[in-house]
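Structure, as structure tokens:
Counting starts at 1 for both ligands and their atoms, following the listed order. Everything numeric here is computed off the predicted structure, so don't read it as measured data.
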Amino acid sequence: MSAKKTGYYCSICGHFASRWMGRCAGCGEWNTYVEEVVSPGREPRKTEPRELPLPISEVSPADGERRSTGMTELDRVLGGGLVPGSLVLLGGDPGIGKSTLLLQVAGAVSAGGHRVLYVSGEESARQIRLRADRLGTAGPQLFVYAETDLGLVEEQVGAVGPSLVVVDSIQTMFSPDITSAPGSVSQVRECTARLMRLAKDRAVSIFVVGHVTKEGMIAGPRVMEHMVDVVLYFEGERNQTFRILRGVKNRFGSTNEIGIFEMSGAGLREVPNPSSFFLMEHARRDVPGTVVVPVMEGTRPLLVEIQSLVCPTSLGVPRRMTAGVDHNRVALIMAVLEKRLGLMLGNCDAYVNVVGGVRIDEPAADLGIAMVLASSFRERAIDGRTAVMGELGLTGEIRPVTAVDKRVREAARLGFRRCIIPRQKGIPADAGGIKILEADTLAEAFGLVFG
Ligand code: TYD
Ligand code: MG
């Protein structure tokens, strides 16, 4: 063949372009195209039929037994455990704790008598051993293999016969029949496809780590999202100890669930009671600009603290900054506050922050956000044992929220005295001594909260 054919791939989303461009036509990111050799189409393989088409009524509906990963939080995010033959992508920023989590899972599964192969292209076998010792997960059924050649990894999966394989990370693996470097879009794609085949052929579950990359040269996990069965992201602030595991795609379950972990000296610890964890520092202070809101994370209620600071601006255009809540939603709530309650927020800077790095994307937090903004603006504290929920309409009406009983009960369980809620159906008659106050409008809620 003559000169090798090359093309350009976006390292974020994998979009292909025949010439270099400054901005990706697929995802809109700047400066992400990398030149790679376009691999020639492979010889068509002769495939032997493995399975024949079946009437759907004759397909066995049995899920195949799911296996526990030894961590309830992870099992829940997976939809009730690990499905044999599934390929699960665990994405996250470098240093967030992906290797730690998977080494703990490997330890727990191998302690249950199943073989596990932990393949690492990032650390030596000795380093993994040291870490496993610290985590207390070293056992005879846990095999470690420091290798980056995927062909050899496939061979060893055949030789060891594990029921779980961890590949850490996809960006270090390479398939020798592709010329581009490990971490390139074509390598990451090819390796993922081979791992998928391996998982299905051998009915072995595979976890694969994908680092989220900020700069252009290494392909990020989004390139592989559409190829795998399950996509989980591990999130958190590096300088804080808790981590949130979030499902963004799951062929075997819901993607609503999150798992909450805490990074400790001995690895990741599950946080079975997240509300009290996130409210730890709330400590029922009576200062302006803080409120507690019950939100639903999947099927679980979670109490989170929202803080706000509203102060006169010194700039021409007031600043509006939010973390953990939608910026536009806050702008809308501020407009409603201005119009319906006459709070002159127009020339104030406003900051809204959800404590603990939780992201809220449900309208049930509207009323809480409105109240916390009003609290800071008016310099009046909201009682620290009051929880607030409700969706806000443009006319200042308060709309019902879902799972109101779960939210109220969670607040009661954590010792809250009062709950301000929309007037709606499904309100628990007795939720363990908590006082339930219903409000129809923003003005009514304001009266109830600030007395
Ligand atoms: P790691 O799992 O190596 O991150 P990733 O694989 O996502 O890059 O975790 C790295 C961080 O976790 C590192 O800063 C040290 C910290 N850590 C602990 O705090 N406790 C522990 O027991 C372990 C193993 C790591
Ligand atoms: Mg790692």
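Neither side chain, Thr6 nor Glu36, offers a donor N or O lying under 3.5 Å from an acceptor on the other. Asp168 and Ser120 share no side-chain donor-acceptor pair at under 3.5 Å. Between the side chains of Thr402 and Arg407, at least one donor N or O lies within less than 3.5 Å of an accepting N or O. Residues His211 and Lys98 bring a donor and an acceptor atom of their side chains to less than 3.5 Å of each other. Checked by atom type, the side-chain pair Arg319/Thr313 shows no donor-acceptor distance below 3.5 Å. Checking Asn273 against Arg413 by side-chain atom types alone, a donor-acceptor pair falls below 3.5 Å. Between the side chains of Glu305 and Thr290, at least one donor N or O lies within less than 3.5 Å of an accepting N or O.
Under 4.0 Å from ligand 1, the heavy atoms of Met263 that appear belong solely to its side chain. When non-hydrogen atoms are compared, ligand 1 lies under 4.0 Å from the backbone of Ser99 as well as from its side chain. Only the side chain of Leu135 comes within contact range of ligand 1, with a heavy atom under 4.0 Å; no backbone atom does.
Not a single heavy atom of Ser169 sits closer than 4.0 Å to an atom of ligand 1. At least one heavy atom of Gly265 sits less than 4.0 Å from an atom of ligand 1.
Counting protein heavy atoms under 4.0 angstrom from atom 18 (C) of ligand 1 gives one or more. For atom 23 (C) of ligand 1, a protein heavy-atom neighbour is present inside the 4.0 Å cut-off.
When the heavy atoms of Gly136, Ser264, Gly92, Ala266 are ranked by distance to atom 20 (N) of ligand 1, first place goes to Ser264.
For atom 14 (O) of ligand 1, the closest non-hydrogen atom on the protein side is Gly95 O, 4.3 Å.
Salt bridge annotation for Arg300-Glu297: absent, with no cationic side-chain nitrogen under 4.0 angstrom from a carboxylate oxygen. The pair Asp349-Arg320 does not count as a salt bridge, with every side-chain nitrogen at least 4.0 angstrom from each carboxylate oxygen.
Residue contact check: Pro94 has heavy atoms under 4.0 Å from atoms 8 (O) of ligand 1. Within ligand 1, counting atoms from 1 as listed, the ones closer than 4.0 Å to a heavy atom of Arg134 are 21 (C), 22 (O), 23 (C), 24 (C). Those atoms of ligand 1 that come under 4.0 Å of a heavy atom in Gly97, given as number and element, are 1 (P), 2 (O), 4 (O), 5 (P), 7 (O), 9 (O).
Between Lys98 and ligand 1, at least one pair of N/O atoms sits closer than 3.5 Å. Considering backbone and side-chain N/O of Gly267, one or more are found under 3.5 Å from N/O of ligand 1.
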